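Throughout, protein chains are lettered first and strands after them, A, B, ... in sequence-line order, and every chain is numbered starting at 1. Owing to the predicted nature of the structure, the values given are computational and were not obtained by experimental measurement.
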Amino acid sequence: MSVLPRSFYERDPAIVAKELLGKILVRRLGSESLSGKIVETEAYYGENDPASKAYKGRKKFNELMFFDVGKAFIYMVHGNWLLNIVAHAKGDVGAVLIRALEPQEGVEIMQRQRKANSLNKLTSGPGMLAKALAITKELNGIDVTERSSELFIVEGVMEKIQICSSHRIGVKIDLPQDLRFFIMRNKFVSKPRK
DNA sequence: AGGAAGATCTACT
DNA sequence: GTAGATCTTCCTA
């Protein structure tokens, strides 16, 4: 399967978020390989998005959002690491939050990273998936368009998926438009409705 | 130094 | 299903 090229991420975050659904996130861990299908995402913008980490302008910890499209932007919230992929049009600011995966390879290892959780709770939330794939600050800034990276995203198998949208989860002040996208009737989506 | 933060787990009704 | 404690950085004072 081919790795998604950098140009894939050089578009409006909402478009990238929508098109990332059904793609495969791969985590290389030594000789092991963990992977999962992306089933839920959210788009975040820059200075005009109150929920965005970039809202208050460029800081040291968020500067990735301003430049390197196609890289991982990882930060901690409430004791959980959250994985974003930097994505925006040229000269713009933004990122896509990966909210949920459907586990594929390395399920046993993922279960070991967490505490022997049931399969449908393994990666159905942004903090859970990061833990299951051993994603931490160490991977911040990693290039997901490089197959040699410890973390990258590949084209999934072509399949028909139905995409739903909703407002974003857990944000204080949301934008009027729907910026959360997920695959309809997929049981690994964190919150099917709302 | 103190608090907020894009969440999760546990313990209840 | 809903409520509350707790998770660990970074930001602001």
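- A/Lys56 comes within contact range of the sugar-phosphate backbone alone, with a heavy-atom separation under 4.0 Å but no base atom that close.
- Contact between A/Val3 and A/Thr145 at its shortest, heavy atoms only, is CG1-O, 3.4 Å.
- Judged by distance alone with a 3.5 Å cut-off, a donor-acceptor contact links the side chain of A/Asn84 to the base of B/dG6.
- In a base pair of the Watson-Crick type (N1 to N3 plus N6-O4 or O6-N4) or a G-U wobble (N1-O2 and O6-N3), with each distance short of 3.5 Å, C/dT12 is matched with B/dA1.
- With a cut-off of 3.5 Å on both Watson-Crick or G-U wobble distances, the partner of B/dG6 is given as none.
- For A/Asn80, counting side-chain heavy atoms from C-beta on, the closest listed nucleotide (C/dT12, B/dT8, B/dC9) is B/dT8.
- Side-chain atoms of A/Tyr45 and A/Asp12 form a donor-acceptor pair, as typed in the model, at a separation below 3.5 Å.
- Of the listed nucleotides (B/dC9, B/dA7, C/dC10), B/dA7 has the atom at the smallest distance from the side chain of A/His78.
- In this entry the distance linking OH of A/Tyr55 with P of B/dA4 reads 18 Å, nearest Å.
- One can place CZ of A/Arg168 at 10 Å from P of B/dG6, the figure rounded to the nearest angstrom.
- A/Lys121 places its NZ atom 16 Å from the P atom of B/dA7, with the value rounded to the nearest Å.
- Nearest nucleotide to the A/Lys53 side chain, out of C/dC11, B/dA5, C/dT8: B/dA5.
- Annotation: cation-pi geometry satisfied between A/Lys53 and A/Tyr75 (NZ/CZ under 6.0 angstrom from ring centroid, within 45° of ring axis).
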